[in-house]
Amino acid sequence: DYILKTKNDEIFNYLESKKFFIDDLTVRKYIINEYSIPKETGNDVNIVISLTEKCNCSCKYCYQLSWDKNSCMLDKDYYDFVCDYLEKVINKMEQKGKLTIRYFGGEPMLKKKMILKLNKFIFEKIENSNKNINIIFEIDTNYTIMDKEFILQFPNLSIATCLSLPNDHNLLRSNSFEKTFENILETRDVFDMKKYKLNIGYNVHDNNEKDFESFLKLISNNKINCMIYFTNIVNY
């Protein structure tokens, strides 16, 4: 709960007009009403599906650490809500369109069964629509529970994860280096196929800038076929 202390009526009236003082239930109803019906869609549609705010890691810089992870829709209700939205999007799409689905969290792999169930729903709806729609899959994950069997169930998949050298990674990301790296090594051969891509984010801060060359050698020496991108971790 927050308390606003101000003697400036102009500030208060502005915040009130922008609906700063409403409860979570009202916000949730607004989001559902606003997004339950897709806007006009064309040939290039991107949908981010946030499956859960829960995670099996507690990374120091995570902006979700203080969020209430229990106040959420039931899995069945959320699945039905997402499927209803996806069906409306697919029905509005044109021939030879591109639909990008990005699974997000929290840690989306905690909802692995729901992901595969949603994939099946999407494939069936596209097939029934008789439209030549190209579907692209993406997922953001900490990789600690990723496995090859899961990846191979996708016709294509671009995976984004984070990694740095062991000491730095463990300090920032809940001592998860060993499991993360082990899973990357166990799945690395799939990324030699063009339809699967691995994108590794190197979390940059003042104490690990000079480690980057050693990090590249770690990736190269282990023959990991991936793209490297940078994320700046402010104040950590």
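Only this structure's heavy atoms are used, side chains among them; waters, hydrogens and symmetry mates stay out. None of these values were measured; they are calculated from a predicted model.
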The side-chain contact (heavy atoms from CB on, under 4.5 Å) partner of Leu99 among Asn46, Asn134, Ile47 is Ile47
With Leu198, which of Val190, Asn225, Ile184 fulfils side-chain contact (heavy atoms from CB on, under 4.5 Å)? Ile184
Under the salt bridge (Lys or Arg N to Asp or Glu O under 4.0 Å) criterion, do Lys113 and Asp75 qualify, and how do the steps go? CA-CA 11 Å; Lys113 291 183 179 179; Asp75 280 359; over 6 Å; no
Can you tell me if [X] uses its side chain to pair, donor with acceptor, with the backbone of [Y] under 3.5 Å?
X: Asp147; Y: Phe150; value: yes
X: Asn222; Y: Leu218; value: yes
X: Gln95; Y: Asn132; value: yes
X: Thr180; Y: Ser176; value: yes
X: Lys131; Y: Met93; value: yes

More than 12 foreign heavy atoms under 6.0 Å from [atom1] of [X]: is that the case here?
X: Glu178; atom1: CD; answer: no
X: Phe123; atom1: CZ; answer: yes
X: Asn167; atom1: CG; answer: no

Does Phe191 form a side chain to side chain contact (heavy atoms under 4.5 Å, CB included) with Ile151? I'd like the steps, not just the answer. CA-CA 10 Å; Phe191 302 111; Ile151 297 173; 4.2 Å; yes
Under 3.5 Å, is there a donor-acceptor pair linking the side chains of [X] and [Y]?
X: Thr141; Y: Glu107; answer: yes
X: Tyr196; Y: Thr187; answer: no
X: Asn56; Y: Asn142; answer: yes

Is there a path from [X] to [Y] through hydrophobic residues (I, L, V, M, F, W, Y) whose side chains come within less than 4.5 Å of each other?
X: Leu157; Y: Phe121; value: yes
X: Leu51; Y: Leu110; value: yes
X: Met227; Y: Leu216; value: no
X: Leu171; Y: Ile200; value: no
X: Ile136; Y: Met193; value: no

Taking the six-membered ring for Trp, are Phe177 and Phe181 parallel (under 30°), tilted (30 to 60°) or perpendicular (over 60°)? parallel
Measure up the Tyr103 and Phe137 rings against each other and bin them: parallel (under 30°), tilted (30 to 60°), perpendicular (over 60°). parallel
Spacing of [X] atom [atom1] and [Y] atom [atom2] [to the nearest 0.5 Å]:
X: Arg173; Y: Lys179; atom1: CZ; atom2: NZ; value: 15.5 Å
X: Glu213; Y: Lys217; atom1: CD; atom2: NZ; value: 4.5 Å
X: Asn199; Y: Tyr229; atom1: CG; atom2: OH; value: 7.0 Å
X: Ile159; Y: Ile139; atom1: CD1; atom2: CD1; value: 7.0 Å
X: Leu172; Y: His205; atom1: CG; atom2: NE2; value: 4.5 Å
X: Leu185; Y: Ile224; atom1: CG; atom2: CD1; value: 5.0 Å

Between Leu118 and Cys83, does the side chain to side chain contact (heavy atoms under 4.5 Å, CB included) criterion hold? Intermediate values first, please. CA-CA 7 Å; Leu118 284 169; Cys83 286; 3.8 Å; yes
Check the pair Lys125, Leu86 against side chain to side chain contact (heavy atoms under 4.5 Å, CB included), reporting the backbone distance first and the verdict last. CA-CA 9 Å; Lys125 289 302 173 183; Leu86 287 169; over 6 Å; no
Are the side chains of [Y] and [X] in contact, using a 4.5 Å heavy-atom criterion?
X: Thr144; Y: Met109; result: no
X: Ser164; Y: Asn203; result: no
X: Leu74; Y: Tyr79; result: no
X: Tyr14; Y: Asn8; result: no

Where do Tyr143 and Leu163 land on the side chain to side chain contact (heavy atoms under 4.5 Å, CB included) test, with the steps shown first? CA-CA 10 Å; Tyr143 225 92; Leu163 192 71; over 6 Å; no
Shortest non-hydrogen contact from Asp189 toward Glu186: OD1-O, 3.9 Å
Do you know which two heavy atoms are closest between Ser174 and Cys59, and how far apart they sit? OG-N, 3.7 Å
